[in-house]
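Start at 1 and go down the list; that is how both ligands and their atoms are numbered. Here, residue 1 is the first one in the sequence, and each next residue gets the next number.
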Amino acid sequence: MQVAQVLDGIAIASEIKAEVALEVARLNERGVVPGLAVILVGDVAASQIYVRSKVKTCGELGIFSEMITPAEAITTEEMLKLIENLNAREDIDGILIQLPLPAHVDTKRLLEAVSPEKDVDGFHPVNVGRLQSGQPALAPCTPAGIIEILKRSGIAIAGKNAVVVGRSDIVGKPAAMMLLNASATVTVCHSRTVDLPKVTREADILVAAIGRPGFITPEMVKPGATLIDVGINRITDAAEFERFFSGDAKREELFAKRGSTVIGDIDPAAFAVSGAYTPVPGGVGALTIAMLMKNTLTAAKARRAAAAVAGA
Ligand code: NDP
């Protein structure tokens with residue numbers, strides 16, 4: 001039996017970051033420093049970790065970053081003023097609002113207040129529409145990372161059957177759209193899909209973005225398929241750990257030490273059936289920050305180009 005190829009997200013992310021750093025250095029030589037503003041409301045521990053690593057990566061790549069940390073009690077109106085100010089600032093090319101926001105603020109309204117040209121998360125309806133109509137757009141980072149993994153690993157997309165399980169606005173839907181734009185034949189599944197295994201077994205490329213540990217089992221996978229696991233689920237239950245990772249000495253050691261481990265939406269047993277797969281951790285998740293950096297660079301270049309045309 002052929003051994004499945006591991007699609008190494010960490011290596012691909014490093015490659016992308018090195019390319020971004022090179023381009024940023026060229027811009028720096030011309031006195032241009034791309035800038036990213038990250039808004040982090042309140043003190044959600046997980047969000048703080050994400051934001052810190054985004055800011056750190058900016059520093060490594062020569063991108064200016066500014067972290068804005070309003071208190072949990074900030075109102076929608078105050079947030080709107082903050083965003084308006086960042087939209088107008090010349091030194092800021094990208095604006096990222098770290099989600100989730102507190103329940104009392106109107107997240108949708110805030111995301112729509114970000115200038116589409118600075119919307120490095122690709123959540124603004126203008127960018128969603130541009131992506132759908134195949135125009136240049138700032139695309140959401142996680143799905144954009146999936147496409148990079150496939151392309152850079154030499155996995156053909158055009159003409160292949162791609163099945164995306166999950167239809168969220170931030171992962172499932174844009175991933176489906178990007179696979180369609182790359183000429184795959186795309187099926188999108190969700191919790192109301194009838195006979196899901198029958199559909200997933202048709203997939204040459206199976207994207208799992210569900211949020212349920214090990215949900216995709218070996219029986220749901222077509223032999224030789226490419227498995228893209230977007231899920232990030234923390235498990236702490238020993239029986240659940242045993243079910244998925246029994247015999248994995250490295251994981252067992254870490255689980256004993258930390259009392260938890262991270263698993264994707266695909267049962268690791270399914271990897272043996274596949275032709276290639278993204279591991280968790282070290283797969284899709286590793287690409288997200290690299291794609292954010294790439295989007296910030298793209299936004300910086302597009303804004304400078306637009307300014308040059310306007311000034312000509
Ligand atoms: P959401 O909860 O927004 O969406 C989950 C989707 O899965 C929904 O469309 C839902 O269907 C579908 N679903 C749930 N149960 C089933 C089922 N039994 N059968 C079929 N479909 C089902 O999650 P996200 O898209 O935000 O995230 C998905 C996963 O990806 C999570 O584990 C998250 O942590 C991870 N993630 C990882 C990122 C990364 O950087 N790697 C970034 C973002 C997310 P329905 O619409 O019908 O409810």
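Nearest protein heavy-atom neighbour of atom 17 (C) of ligand 1: Phe215 CZ, 3.7 Å. Given atom 25 (O) of ligand 1, the protein heavy atom at minimum distance is Ser168 OG, 2.5 Å. Distance from atom 15 (N) of ligand 1 to its nearest protein heavy atom, with residue and atom name: Arg212 NE, 3.3 Å. Looking only at heavy atoms of the protein, atom 2 (O) of ligand 1 is closest to Ile210 O, 4.4 Å. Nearest to atom 8 (C) of ligand 1 among the protein's heavy atoms is Arg167 N, 4.0 Å. Regarding atom 10 (C) of ligand 1, its nearest protein heavy-atom neighbour is Ser191 N, 4.3 Å. Among protein heavy atoms, the minimum distance from atom 20 (C) of ligand 1 is reached at His190 O, 3.1 Å. Protein heavy atom at the shortest distance from atom 40 (O) of ligand 1 is Thr288 OG1, 2.8 Å.
Checked by atom type, the side-chain pair Thr142/Thr288 shows a donor-acceptor distance below 3.5 Å. Counting only N and O atoms by type, the side chains of Glu78 and Thr75 include a donor and acceptor under 3.5 Å apart.
Between Lys294 and Glu19 there is no salt bridge, since no side-chain nitrogen of the basic residue lies less than 4.0 Å from a carboxylate oxygen of the acidic one. Under the 4.0 Å criterion applied to side-chain N and carboxylate O atoms, Asp267 and Arg243 are not assigned as salt-bridge partners.
No donor-acceptor pair closer than 3.5 Å links the side chain of Arg167 to the backbone N or O of Val188. Under the 3.5 Å distance criterion, the side-chain polar atoms of Lys118 are matched with a main-chain donor or acceptor of Asn87.
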Candidate pair Arg109 and Glu77, rule salt bridge (charged side-chain N to carboxylate O under 4.0 Å, His left out), full reasoning: CA-CA 10 Å; Arg109 208 168 143 210; Glu77 296 307 321; 3.3 Å; yes

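Residue contacts with ligand 1 do not include Gly172, since none of its heavy atoms lies under 4.0 Å from the ligand. The shell of residues lying under 4.0 angstrom from ligand 1, judged by heavy atoms, excludes Thr193.
Each of Ile83, Val114, Leu96, Leu110 was scored for a side chain to side chain contact (heavy atoms under 4.5 Å, CB included) with Ile39, with one residue passing: Ile83. Of the candidates Leu196, Asp195, Val194, Thr200, Lys198 forms a side chain to side chain contact (heavy atoms under 4.5 Å, CB included) with just one, namely Asp195. With respect to Leu36, the side chain to side chain contact (heavy atoms under 4.5 Å, CB included) criterion is satisfied by exactly one of Ile95, Asn295, Leu292, Leu297: Leu292.
Looking at ligand 1, you'll find an N or O of Ile232 within less than 3.5 Å of one of its N or O atoms. The shortest N or O to N or O distance between Arg192 and ligand 1 is not below 3.5 Å.
Within the 4.0 Å heavy-atom criterion, the part of Ile170 lying near ligand 1 is the side chain and not the backbone. Counting heavy atoms under 4.0 Å from ligand 1, residue Val171 touches it through the side chain alone. Contacts with ligand 1 closer than 4.0 Å are made by side-chain heavy atoms of Asn233 only, the backbone lying farther away. Counting heavy atoms closer than 4.0 Å to ligand 1, residue Val230 contributes atoms from both its backbone and its side chain.
Residue Gly166 has at least one heavy-atom neighbour below 4.0 Å for each of these atoms of ligand 1: 6 (C), 7 (O), 9 (O). Atoms of ligand 1 lying under 4.0 Å from at least one heavy atom of Gly285, given by number and element, are 40 (O), 41 (N).
Not counting sequence neighbours, Ser191 has no partner by the side chain to side chain donor-acceptor pair (under 3.5 Å) test.
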